[in-house]
Structures are given as structure tokens and as C-alpha cells.
Amino acid sequence: MDTTSGTPAPVVAGIDVATAAVRVLCVDASGRVLAEGKEPLPQPVRNGDRSEQDAEAWWPAAARALRAALSRLAGGGREVVAVAASATSGTCVLVGPEGRPLSPALMYDDRRAARLNAYAQESGAARWSALGISVGPTAALGRLAWYARTDEVARPRGSRLLHTPDLLAERLTGGRTATDWSHSLKTGYDPLRGEWPAEVLDALGIPPSWLPDVQAPGTEVGTVCSAAAEETGLPEGASVRLGMTDGCTGQLATGAVRPGEFVGVLGTTYVLKGVTRELATDPSGAVYSHRHPDGWWLPGGASNTGGEALGWFDWSRFPELDAAAAARGPASFVSYPLRREGERFPFVSSAARGFTTGTPADDAERHRADQEGVAFLERLALERVAELGVAVEGPLHAAGGGSRSALWTRIRATVLGRELRVVDRAETAFGAALLAAAGTLYGNLSEAASAMVGPGRTVEPEPRERQALEESYGEFVGALRERGLL
């Protein structure tokens with residue numbers, strides 16, 4: 001509370017629309033989380049290549065989550081000056097002229113339009129090459145073409161496409177809004193030329209009128225209308241600002257927002273993301289870039305390997321196995337703990353399969369070898385971006401559930417030969433709050449991150465284990481090469 005004026009100190013709200021729930025964080029100018037709200041969403045209905053969710057559920061859940069969070073603030077929500085939303089990348093829905101969904105939302109993992117996406121790749125090959133991206137089987141661009149061709153969904157005059165945060169922004173402002181160049185990337189938006197791909201839209205039969213205007217994340221697209229204020233508890237007139245995809249806002253939440261700064265997110269899978277001044281393109285397609293809100297670039301890649309590598313045991317055993325693995329020291333063999341078929345980063349191979357070069361003495365050694373294997377993959381990822389001419393400066397920011405393990409984080413630091421910086425609130429909703437603060441509480445995103453992201457804790461390499469892990473890394477790379485994966 002601002003005791004000099006008697007009015008509440010300003011607060012921003014970040015919204016995260018995940019697959020299973022909507023989460024809201026209310027954050028002050030120093031980065032303190034003052035209140036939270038959470039509301040469940042209906043589970044996606046998955047049937048074969050199809051993955052759908054009731055898009056009509058997004059706004060009521062977001063409104064309830066906002067009201068729950070704002071009710072816990074000292075000013076009852078009056079202090080909120082801006083709000084921004086983030087969601088899963090590629091989830092979209094066709095709406096009528098009044099903004100009401102014409103079908104269930106087509107989710108980020110929906111593959112019904114895989115063939116159309118392959119055609120989109122061919123139709124815009126030169127454009128995608130210049131961008132350093134490829135149109136994958138689950139890209140939203142193909143699903144938009146499916147909407148244009150299907151008889152399952154009505155398409156009245158004035159129909160148009162909305163990504164998840166677009167629908168929320170329209171409910172918040174009471175009118176049509178632009179979308180951001182992060183959520184629209186997988187729908188085909190070209191952030192290098194600043195345009196939708198006309199030649200691809202024409203080839204796929206997509207009406208250009210379906211597509212929204214595109215602006216930079218953090219841009220104000222309106223203010224909270226009276227109806228939304230009544231539903232959510234937000235003050236009428238609060239700024240509504242554009243967000244970014246969940247992966248991007250997760251990166252921003254670590255404070256990795258300036259050129260040279262990178263974050264390794266160790267969740268179910270491993271993701272490396274960073275900031276560069278210039279666009280770096282990868283011919284293999286392993287690394288691709290979103291556009292930074294300030295016009296820089298956000299190169300990164302997502303592996304099929306990560307925290308799920310440890311899914312062979314009951315998670316209640318994690319502390320016990322971590323302690324035993326820490327006492328044991330480096331494993332006597334190498335593990336590439338891929339639990340799926342195929343790899344997408346730091347190399348691309350549909351033939352990739354997990355392997356070990358030896359037999360563990362016990363569960364503790366297996367646990368340790370799997371942790372080391374993910375750390376080896378992280379080092380390969382950093383070496384891959386270095387090959388593209390991208391400099392990774394300073395400590396590597398660390399986020400994701402795997403970063404809560406002191407042992408795993410120390411192994412990663414030792415394998416990489418660099419400090420890791422683990423932050424406290426590396427959450428999607430917090431990253432969205434930073435975008436809401438950029439241009440309201442602070443002049444830009446860098447200023448907001450400097451003021452609002454805490455220092456975290458620094459994890460140093462373990463010198464006593466450096467040599468053993470260096471030798472194991474050499475064996476790991478050699479084994480990948482023997483199998484034709486590198």
C-alpha cells in the first residue's frame with residue numbers, strides 16, 4: 001500500500017492458459033507475487049489425430065481465476081494497471097463475426113492437418129528457409145487450412161481465427177484486437193518480413209480476411225471494458241497488453257531477456273532458449289526463432305529427452321535416489337535416456353533411440369547415469385547454437401522442475417563448465433506479468449526483468465567430478481556418432 005497517498009501501489013496480472021487450467025499471478029513492481037488464482041479447464045478430447053478443447057471454457061475460467069486472485073489483494077483489484085496472457089503455442093479456434101467459437105478449439109498437438117502442413121512447407125519453402133523454421137505436422141497453419149476446407153464447421157461471412165490469448169483479449173476489451181507475433185508464428189506469420197505468407201495462404205485456400213493484425217508482444221491493444229471489469233474484478237480502463245507463448249514467457253520469467261542470455265528449461269523435456277540480436281538460422285531445423293518483443297530474436301530448440309527420463313521409478317523415491325547418487329559420484333557408464341522414438345534437438349533424427357553403454361550396479365547408479373545423460377544433451381545443445389554463431393554469455397539460467405534437484409543442477413553445471421542461475425518464479429504467468437509491466441510499470445521488458453526477477457541462486461561446477469564427467473561426455477558423443485545420430 002502507498003501510505004503517502006492512501007492508494008494501493010500498482011500491480012500487474014499475468015494469465016497462463018495451460019492445457020489443464022488457467023492460472024493468474026498478481027505481481028508488484030519489485031516482482032513480489034501478491035496473489036494467485038487458478039481454475040480448471042476441461043481436458044482435451046483426443047481421438048486419433050484429433051485433439052480438441054471447448055474454447056467456450058477459456059474465458060469463464062480466466063474470469064474466475066482473475067476474480068479469485070484479485071479478491072486477495074489489499075486494494076481488491078483496484079491496483080491492477082495492466083494484464084497480459086500467455087497460452088500454448090498453436091492452439092486456435094475459428095470464430096464468427098461476434099467472436100464466438102464455431103467449433104471446439106484445435107489444440108497444439110492436433111495432427112489432423114499434417115498433410116496440409118506438408119503442402120504448406122512446400123508452398124513457402126523459400127520463406128521458411130529464410131526464417132530458419134519448418135512447418136511441422138502439428139503447426140496451426142495446416143489447421144487453418146483444414147477450417148477452410150472442411151464441411152464440419154460453419155464458416156459465416158466475417159469468420160476469423162483467434163489464438164487462445166486473442167479470445168481473452170477480446171473479452172477483456174469488448175472489441176477486436178490484434179494478435180502477437182509469438183502466438184501467430186505457427187499459424188504462418190513471418191516475423192522477419194512482418195507479414196502473413198500470401199503465397200502460402202493462396203495455395204491452401206485460406207481467406208486472408210480470417211487473419212488478425214499482428215503486433216509486438218507487450219503492445220497495448222485496448223483497456224478493460226465495463227463488462228469484463230464486472231466479471232473479473234479488474235478495474236475498468238486497465239491496460240490489456242499482448243503476451244507470448246508459454247515457452248517464451250517461461251524464458252522471460254527467468255530474466256533471460258537480453259542478447260547473449262540463455263535458459264535451460266528442464267521439465268518433462270529439455271528446452272534451450274535465448275536471445276540474439278540477429279536471426280540465426282539452422283539448416284537442420286533443430287533450432288528455430290521467435291521474435292523478441294524488442295525486435296531481437298529468441299532462438300531455441302526442444303528435445304524429446306528431459307525430466308521424463310527419470311520416469312522409471314516412483315517419484316516419492318526421488319530424494320532417496322538423489323542422495324544415494326550424490327554419494328556415489330559419476331556413473332561408470334553412459335546413458336542416453338530417450339524414452340520416445342526420435343529426437344528433435346540438438347539433432348534431428350526419427351531413428352534415434354535411447355541406449356546405455358553399460359549396466360548399472362543399482363538404482364542409484366541408473367538414476368545418476370540418466371541425470372548425466374540429460375546434462376550431456378544440454379551441452380550438445382549449447383554446442384549446437386555455438387556452431388550457428390550464437391554466443392551464450394554469463395551463467396546459464398535454469399528453470400523447470402528438474403532444476404529443483406540440487407544434485408542434477410550441480411551435474412549440469414559441471415558438465416557445462418559454467419555457473420547455473422536458478423530463479424524462484426520461472427513460471428509462464430510470471431513471464432506474462434513481465435510483459436504487462438513493460439510499458440506500464442517500466443519503460444521496456446529489460447527494465448521490467450531487471451527490477452522484478454530476483455537474483456536466484458548460483459550453482460557452481462564441482463571440480464572433483466569434472467574430469468570423470470568430461471570423459472563420459474566424450475564417450476556419449478562417440479556413441480551417438482557410432483549410431484549415425486551426429
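Just so it is clear, the values below take in all heavy atoms, side chains as well, and ignore hydrogens, waters and symmetry mates. One-based numbering along the sequence shown.
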With rounding to the nearest 0.5 angstrom, report the [atom1] to [atom2] distance, [X] to [Y].
X	Y	atom1	atom2	value
His183	Leu185	NE2	CG	11.0 Å
Arg241	Leu435	CZ	CG	9.5 Å
Thr164	Met107	OG1	CE	7.0 Å
Arg143	Thr138	CZ	OG1	6.5 Å
Glu122	Asn117	CD	CG	11.5 Å
Asp109	Thr88	CG	OG1	8.5 Å

Is [Y] close to [X] at the side-chain level, that is, under 4.5 Å between some pair of heavy atoms?
X	Y	value
Thr187	Cys92	no
Met452	Leu434	yes
Lys38	Val24	no
Tyr473	Leu416	no
Phe476	Val415	no
Thr254	Glu261	no
Arg339	Trp312	yes
Thr245	Ser182	yes

Considering all heavy atoms of both residues, which atom of [X] and which atom of [Y] are nearest to each other, and what is their separation?
X	Y	result
Ser89	Asp246	N-OD1, 4.0 Å
Gln251	Leu298	NE2-CD2, 3.6 Å
Leu469	Pro330	CD2-CB, 4.2 Å
Ser403	Arg457	O-NH2, 3.3 Å
Ala449	Val257	CB-CG2, 3.8 Å
Leu41	Ala18	CD1-O, 3.3 Å

Worked check of salt bridge (charged side-chain N to carboxylate O under 4.0 Å, His left out) between Arg193 and Glu199: CA-CA 14 Å; Arg193 299 183 186 178; Glu199 75 283 9; 5.4 Å; no
Please check: side-chain N/O of [X] versus main-chain N/O of [Y], any donor-acceptor pairing under 3.5 Å?
X	Y	answer
Thr409	Ser405	yes
Arg425	Ala253	no
Arg379	Ala375	no
Trp181	Arg291	yes
Trp210	Leu94	no
Arg368	Ala326	no
Asp370	Leu310	no

Aromatic ring proximity Phe318/His367, centre distance under 6.0 Å: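 Aromatic pair counts; centres sit under 6.0 Å.
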Would you say [Y] and [X] are linked by a side-chain donor-acceptor pair, where the criterion is simply a distance under 3.5 Å?
X	Y	answer
Trp146	Asp110	no
Thr357	Glu475	yes
Thr458	Glu419	no

Where at least one partner belongs to residues 428-454, residue pairs that pass side chain to side chain donor-acceptor pair (under 3.5 Å), sequence neighbours excluded: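 Side chain to side chain donor-acceptor pair (under 3.5 Å) check on residues 428-454 returns Arg258-Ser450.
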Contact list for residues 292-301, test side chain to side chain donor-acceptor pair (under 3.5 Å), sequence neighbours left out: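 Qualifying pairs, neighbours excluded: none.
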From CA spacing to verdict: side-chain contact (heavy atoms from CB on, under 4.5 Å), Trp59, Leu172: CA-CA 9 Å; Trp59 169 246; Leu172 285 166; 3.7 Å; yes
Set of residues satisfying salt bridge (Lys or Arg N to Asp or Glu O under 4.0 Å) with respect to Glu460, sequence neighbours excluded: none
Test salt bridge (Lys or Arg N to Asp or Glu O under 4.0 Å) applied to Arg115 - qualifying residues, sequence neighbours left out: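 Salt bridge (Lys or Arg N to Asp or Glu O under 4.0 Å) list for Arg115, sorted by chain: empty.
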Would you list the atom pairs, donor with acceptor, under 3.5 Å between side chains in residues 389-401 and any protein atom, with sequence neighbours excluded?
residue, atom, partner, partner atom, Å
His397, ND1, Phe262, O, 3.2
His397, NE2, Arg421, NH1, 3.2

Please identify each residue that fulfils side-chain contact (heavy atoms from CB on, under 4.5 Å) with [X], with sequence neighbours left out.
X	result
Ala352	Tyr336, Leu338, Glu343, Phe347, Ser349, Leu485
Ala369	Ala331, Phe333, Ser335
Glu39	Ala61, Arg64, Ala65
Pro42	Gln53, Asp54, Ala57

Residue pair Leu480, Leu380: steps toward the side-chain contact (heavy atoms from CB on, under 4.5 Å) verdict: CA-CA 11 Å; Leu480 290 174; Leu380 264 182; 3.5 Å; yes
Member of Pro212, Pro217, Pro293 meeting the side-chain contact (heavy atoms from CB on, under 4.5 Å) criterion with Asp180: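 That would be Pro217.
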[X] atom [atom1], neighbour heavy-atom count above 12 within 6.0 Å:
X	atom1	answer
Arg404	CZ	no
Arg46	CZ	yes
Glu341	CD	no

Pair Glu195-Arg127, side-chain contact (heavy atoms from CB on, under 4.5 Å): steps then yes or no: CA-CA 11 Å; Glu195 63 185 22; Arg127 183 185 294 271; 3.0 Å; yes
Would you list the atom pairs, donor with acceptor, under 3.5 Å between side chains in residues 266-280 and any protein atom, with sequence neighbours excluded?
residue, atom, partner, partner atom, Å
Tyr270, OH, Glu378, OE2, 2.7
Thr276, OG1, Glu278, O, 2.8

Any pair counted as salt bridge (charged side-chain N to carboxylate O under 4.0 Å, His left out), so long as it reaches residues 162-172, sequence neighbours left out: Arg160-Glu170
Ser289: partners by side-chain hydrogen bond (donor to acceptor under 3.5 Å, both in side chains), with sequence neighbours left out: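 Ser289 satisfies side-chain hydrogen bond (donor to acceptor under 3.5 Å, both in side chains) with no residue once adjacent residues are dropped.
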